[in-house]
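Just so you know, these numbers come straight off a predicted model, no measurement behind them.
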Amino acid sequence: MSPKLALLKNILEDLNEAQKLAVENIDGPIMVIAGAGSGKTRVLTYRVAYLLHKGVDAFHVLALTFTNKAAKEMKERVYQLIGSNEAKNVWMGTFHSIFARILRIEGHRLGYPSNYTIYDTDDSKNVIKQILKEQELDDKTYKPGMVLNRISSAKSSLYSTQKYNDDFEIQQQDKASGKPKLGLIFTLYNQRCFRSSAMDFDDLLYNMNVLLRDFPEVLYKYQNLFKYILVDEYQDTNFAQYFIVKQLAANNENLCVVGDDAQSIYAFRGANIQNILNFKNDYPDFKTYKLEQNYRSTKMIVNAANSVIAKNKDQISKIIWTQNNEGAPVQLMRASTENEEGQFIAHSIFENKMNHQLMNTAFAVLYRTNAQSRALEEALRRLNIPYRIYGGLSFYRRKEIKDLLAYFRLTINHKDGEALIRIINYPARSIGKTTTDKIIVSASEHEVSAWEVIEKPHEYNLGLNSGTTEKIRAFVTMIKSYAVMMETKDAYEVAKYIALHSGLMRDLNEDKTPEGISRYENIEELLNGIKEFTEQESKTEEGEPADTSMKTLGEYLQDIALLTDADADDKDDHDKVSLMTIHQAKGLEFPYVYIAGVEENLFPSIQSLGSRADLEEERRLFYVAITRAMEKVFITYAESRYKYGNLNFSEPSRFIDEIDEEFIEFPGSGGPEKRSLQTEERYQPKKSPLKSLVKKPDTSHLTRLKKITENGNNSHTLETDDSSLLQSGMDVEHERFGKGKILNIEGNGPNRKATVFFQMVGQKQLLLKFARLKILK
DNA sequence: ACCGTATTCAGCGCG
DNA sequence: TGAATACGGT
């Protein structure tokens, strides 16, 4: 106990006053307004540690986050603080994962088995497509994605199908928009999911609410279980989430919500900023703490961001400040086209990388829309700058992965209709479309699951020939045999058996195209993941009673059902520049941040110009973008850009003007950025958050700078003189990369660059202006 | 059953 | 512009 106590004390000393108060006030409702970079995670994790330290049992603590990533980070940091044995009993996870877990236990009250399936967005859309077909509705008017959004927001606002259909206003709206059948689709959709023993993402929150509303004993149970509740990113809660928290906390009100209204950027998907603004009404005797000291960014960046967000009306007043260095002003770059914009960014990254000896991970390029990534990618590729795009198709949504997972799902939950339809004829078993259509129609007519129909085909008069009937029987037998196997074998054994026995592996193996090979490898990767899962979990934490029970396939599925791409362990993610939308960048930080496409009608987006609320959300988004940066922000815009195939001219965004001119440098208005940064480096050898990203302490670099200063010379002239002697074929030495051979030289003047093959690190492209190559004789 | 062509659509996206 | 999907022909 005592080493732990010491640890707690140490960290307590690390907290500033506001953070300390937010941690120590464990009783009663508190709201923590946490400015960007103000140590929010630290407060949350330390608060959890503090609760346990005060003798609160771990299982009485509930900590809710929005993303798996946030949950993971929080877990890791709490584990570090107090050790995993105690911490692992804390209920810590995303809203969805925690309530999914509770619904496995309590869902039977609502008619769901504990092995219910969680439908992802694709499954949901497929269900909607089926309904549209059956109802003979036009999928142009009723676009599945749009229908699903409508259903999703209804559920997020706790509207039952009944209420949706009875609500006069909603019905009027739907009629007015030419979609009067939305209510019917909603009803049928819910029925179908229920018959499949499946919940979609919103059902997890919706049904949790039903549980708490209709079963007082359940409400009572969890109110008493969760004596202390913490909610991260409270400004992002939708009504369903807000209401669960409210119910659970109603008894003892030991509720701590943490958020930043200035970073609320998800109103478009149902987040209600009022939840944080109205906290004071819900909990009149609340306390509020503001974390206003920023530990992330330079003064310039903090001030630039402040000057922007000040233009918003709806906000909780706060003053974000920092003790960090002054830093350099935000730098504006104007390009004539989107391609030039990409080039500017790529070159700037290249230069800063060389100049400051930074890793690629020190850089992020942020943009408003995914479509912008193309030009940026191209430019980076041309300079051989490795990058990673976030938000591509997630591993778990690839076809082959979904196919195999569908086998698992159907094995675990036979009623899972989407899984059944997906695999009944894959690999091909001569059960064609006509047959599957008959099964779907019959199931829906008799209001049963598809499995029920194919298990007892005679009771449902499908009118199939004996051959097909036999094939279906074989399929049923196969799935049942998997289920039997699952009783005694662990997840990996069953998974591998299914992958081989079902013919899926064979089918993929026959495809020798590069895509086919990659699909096969993906399946192997999935199986490896399952193996890891099986092994990792069987050796439990030390000191715990040995967990002799094996990990089942069902547990694996539950584990991954709520995972998304962002959670995949980035193996080959060594050292790359990050490309992502601003939304995806929330919660992250980078030394150098480029914000691309800061143009009217793109950012703010044209759709947001109609309402003040929407425009303010765009502004918060811009605020989020700026505050991702630790050292330096670059804002770029292009005067023309292709949109949907035709060239559009664009003007710089109004947001650029909203940055107070003290904190922004316009093109040509100041010296080249190189100068100010070098100056900073020379005169303010600070304890920089950049340190960990610098490849090595690099004292030679400093010595060199000093030497240059003494000489009264600058690096530029020195380097050009040296580098003009370089030719391809020469052996050279780089202070960091070591010895190498020049393969090629191209470009002129300051853009002259060399392709060098280094013995240590392989091929690199270097701008000679910065590379300081030494010629070896 | 499958492949190539036509058509359509285009904002951000947690789980 | 280009990707994703629907459709139609063989």
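For A:Arg374 and C:dA3, the shortest distance from a side-chain N or O to OP1 or OP2 is below 4.0 Å. Contact check, A:Gln584 against B:dC12: no side-chain N or O comes under 4.0 Å of OP1 or OP2. The shortest distance between the side-chain N/O atoms of A:Asn370 and the OP1/OP2 oxygens of B:dA10 is not below 4.0 Å. The side chain of A:Thr121 contributes no N or O atom lying less than 4.0 Å from OP1 or OP2 of B:dG13. Distances shorter than 4.0 Å separate none of the side-chain N or O atoms of A:Lys399 from OP1 or OP2 on C:dA4. A close approach under 4.0 Å does not occur between any side-chain nitrogen or oxygen of A:Asn68 and OP1 or OP2 of B:dC14.
Both thresholds, 5.5 Å between centres and 30° between ring planes, are met by A:Phe268 relative to the base of B:dC12, so the two rings are stacked.
Taking the ring centre of A:Tyr426 as origin, the terminal cationic atom of A:Lys399 falls inside the region bounded by 6.0 Å and 45° from the ring axis.
Residue side chain A:Glu618 reaches the base of B:dG11 through a donor-acceptor N/O pair under 3.5 Å, judged by distance alone.
You'll find that the side chain of A:Thr369 is closest to B:dC12, out of B:dC12, B:dG15, B:dG13. With distances taken from any side-chain atom of A:Thr67 to the nucleotides B:dG15, B:dA10, B:dG13, the minimum falls on B:dG15. Looking at the side chain of A:Tyr644, the nearest of the listed nucleotides C:dG2, B:dG11, B:dG13 is B:dG11.
To the nearest 0.5 Å, the span separating CZ on A:Phe95 from OG1 on A:Thr67 amounts to 11.5 Å.
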Name the pairs: protein N/O against N/O of nucleotides 6-10 of chain C, kept only if under 3.5 Å.
none

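Listed by first and then second residue, the salt bridge (Lys or Arg N to Asp or Glu O under 4.0 Å) pairs involving residues 606-623 of chain A are A:Asp314-A:Arg612, A:Arg368-A:Glu618, A:Arg612-A:Glu616, A:Glu617-A:Arg620, A:Arg619-A:Glu658 (not counting sequence neighbours).
Here C:dG2 presents its P atom at 13 Å from CD of A:Glu377, a figure rounded to the nearest Å. For A:Leu64 and B:dC14, the CG to C1' distance is 14 Å, given to the nearest whole Å. The distance from atom CG of A:Asn646 to atom P of C:dG2 is 13 Å, rounded to the nearest whole Å.
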**Message:** Assess the residue pair A:Thr121 and A:Phe201 against the criterion (side-chain contact (heavy atoms from CB on, under 4.5 Å)); give the C-alpha distance rounded to whole Å, side-chain angles, the decisive distance to 0.1 Å, and a yes or no.
**Reply:** CA-CA 8 Å; A:Thr121 320; A:Phe201 292 135; 4.0 Å; yes
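Using a 4.0 Å heavy-atom distance criterion, A:Lys586 is classed as making no nucleic acid contact. Residue A:Ser605 is classed as a base contact, given a heavy-atom separation below 4.0 Å to a base.
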Which donor-acceptor pairs under 3.5 Å do the side chains of residues 267-277 of chain A make with protein atoms, sequence neighbours left out?
{"from": "A:Asn272", "atom 1": "OD1", "to": "A:Gln274", "atom 2": "N", "distance (Å)": "2.9"}
{"from": "A:Asn275", "atom 1": "ND2", "to": "A:Thr237", "atom 2": "O", "distance (Å)": "3.0"}
{"from": "A:Asn275", "atom 1": "ND2", "to": "A:Thr237", "atom 2": "OG1", "distance (Å)": "3.1"}

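Nearer the 5' end of DNA chain B, as judged by each residue's closest nucleotide, is the contact made by A:Lys143, out of A:Lys143 and A:Arg269.
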